[in-house]
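It should be emphasised that the depicted structure is a prediction, and the values quoted were computed from it without experimental measurement.
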Number of protein chains: 2
Amino acid sequence: MGTLKRIDVNHLKVRCSECNLRELCFPHGMNVEDISSMDAVVKQFKPIHKNDYLYRRGDAAVAIYAVRTGCIKTMTESTNGDEQIVGFHMAGELLGLDGFADGIHACNAVALETSSVCKLPIDQLEALSQKLPGLQNQMRRIVGKEVSNDHKLLLLLGKMTSEERLASFLLSVSSRMLERNWKEDEFNLSMARQDIANYLGVAVETVSRLFATFQKQGIINVDRRHITILQMEALKAMVGDCVSTNKKPGCVG
Amino acid sequence: MGTLKRIDVNHLKVRCSECNLRELCFPHGMNVEDISSMDAVVKQFKPIHKNDYLYRRGDAAVAIYAVRTGCIKTMTESTNGDEQIVGFHMAGELLGLDGFADGIHACNAVALETSSVCKLPIDQLEALSQKLPGLQNQMRRIVGKEVSNDHKLLLLLGKMTSEERLASFLLSVSSRMLERNWKEDEFNLSMARQDIANYLGVAVETVSRLFATFQKQGIINVDRRHITILQMEALKAMVGDCVSTNKKPGCVG
DNA sequence: AAATCGACATGACATAAGTCAAGTTCCAAA
DNA sequence: TTTGGAACTTGACTTATGTCATGTCGATTT
């Protein structure tokens, strides 16, 4: 194809300071100088294809990763082989904290579609944070976000009906689409029904049926993985959004 | 009682270096000098009584806490008031990471019985970690442990039957008893059936029935909150311990 | 000792969601 | 273009677990 300059994608320079994901990603909330010093730490990582592993349970945990494009799922595995998806990571979102306990990844990380990530080596992050006090705050925020996400999922799995779970899932995807300046009411899911079911702790058939029901109720439109949300408020009401529904007196929302 | 010296328990000096919980607690794995420098950071905290809050959702998160005696539960709360217990924290275990995301606690922390804790102010931990590189590692390990615990609970809530959940819970308590050099097969639960049920994502009645069933099967003995484990292996088999049961060929354990 | 109350247990019954078994539909390989 | 198969849907049926109602136990107060 003509005389295009060859680019070695494994050694691309990436700069947080020039990245359009920076407000969603690791640097969110950091000051400009600190973000610039991140540039030396962040490494581009080769693209990974659908079903490829970014890391596996048991691998040495040497870095945390930021999704640039695509979507990656992380899942825990029990001794008897059951898997539970604990997160779907979209552009700008971080993964890899599951290796912090003992330096060994406790999760598998698998691409749902062709994806690219930035690699942030832990030792370099640590070295840098000795110089930048702000970076420690940042790490704390990131860790806190992970814990908070896990807790939301615990609440979902522990207390919600399957209907509430799917509504909650759709709202989560929707709000993350919005954060990325994509449409909040029309998007393509990266994950298979099976993945959604696993994540939500229900059977695939239940997910199928609920999609059908929601569609019948005119709340969403489903065309395979293409979702259109027609009644956002109806979804919010399902998960118990006390602001819009005023279900509970005294709820401060 | 005679001429006992008065002790103001709110200002007791506490030293990690002299604490018999240090191998279970924050200092686990740290070197002796680093542990000594922790002494300046750790504050004793007044004892809290049963049903008292150590902190509430919405409180400013200024510290992490280490349980000295007793047991504390942490729970998330949904917008519509549902609560999910995300952890029971025994002596030597840490809590408070739920405030890392934005400096505001996302959980409630409530004592299950009269308990005492050490307070580790975040700003002081941070200042100290600028001097001690080992402390950053330590924080990472602690965070990793929290994430790993949450993931275990996600697996439990997402994939296990109620029987597996209770077996898993009993084994978890048992192994933590053992860590503390208490009996692993005979202990008192600090939590009510209701708390266990909430934590495991099942109804109280289910917990009651399962306790009864396990007892009928001769696996455990139950006398109110006093539990005796009679067949540890049977419990392990329930949660799919592939080492002792060899259920699955090719399982590496 | 009686009364009270919360924690826990147990039986009867209801139901949300799982399982099983066909079916589509769509995409990708031949 | 055909073929194969994975992903998904839908219906019929089953079941684990929740809900409701009642009863017991044990600690604490009167």
Subject >> Heavy-atom closest pair, residues A:Gly240 and B:Asn80 >> reply: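 A:Gly240 and B:Asn80 have their closest heavy atoms at CA-ND2, 3.5 Å.
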Subject >> Closest non-hydrogen atom pair, B:Ser115 against B:Gly70 >> reply: OG-CA, 3.4 Å
Are [X] and [Y] ion-paired here, with the side-chain N under 4.0 Å from a carboxylate O?
X	Y	result
B:Glu113	B:Lys50	no
A:Lys73	A:Glu83	no
A:Glu93	A:Arg180	yes

Original post:
For residues B:Gln84 and A:His151, is any side-chain donor paired with an opposing acceptor at under 3.5 Å?
Top reply: no
Could you check how far [atom1] of [X] sits from [atom2] of [N], rounded to whole Å?
X	N	atom1	atom2	value
A:Gln194	D:dA6	CD	P	13 Å
A:Glu113	D:dA7	CD	C1'	16 Å
A:Asp223	D:dC8	CG	P	12 Å
A:Asn198	D:dA7	CG	C1'	16 Å
A:Phe211	D:dT10	CZ	C1'	16 Å

Original post:
Hey, does A:Asp195 have a side-chain heavy atom less than 4.5 Å from the side chain of A:Leu112?
Top reply: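 Heavy-atom side-chain distance check passes, below 4.5 Å.
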**OP:** Using a 4.0 Å heavy-atom cut-off, write out nucleotides 17-25 of chain D from 5' to 3' as B (base contacted by protein), S (sugar-phosphate only) or - (no contact).
**Re:** SSBB-----
Original post:
Has the side chain of A:Asp185 got a donor or acceptor atom that lies under 3.5 Å from a matching backbone atom of A:Thr228?
Top reply: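 No, the answer is negative, given that no donor and acceptor are paired below the 3.5 Å cut-off.
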**OP:** Give the first and the last nucleotide of DNA chain C, reading 5' to 3', that has any atom under 4.0 Å from a heavy atom of chain A.
**Re:**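 Going 5' to 3' along DNA chain C, contacts run C:dA17 to C:dC26.
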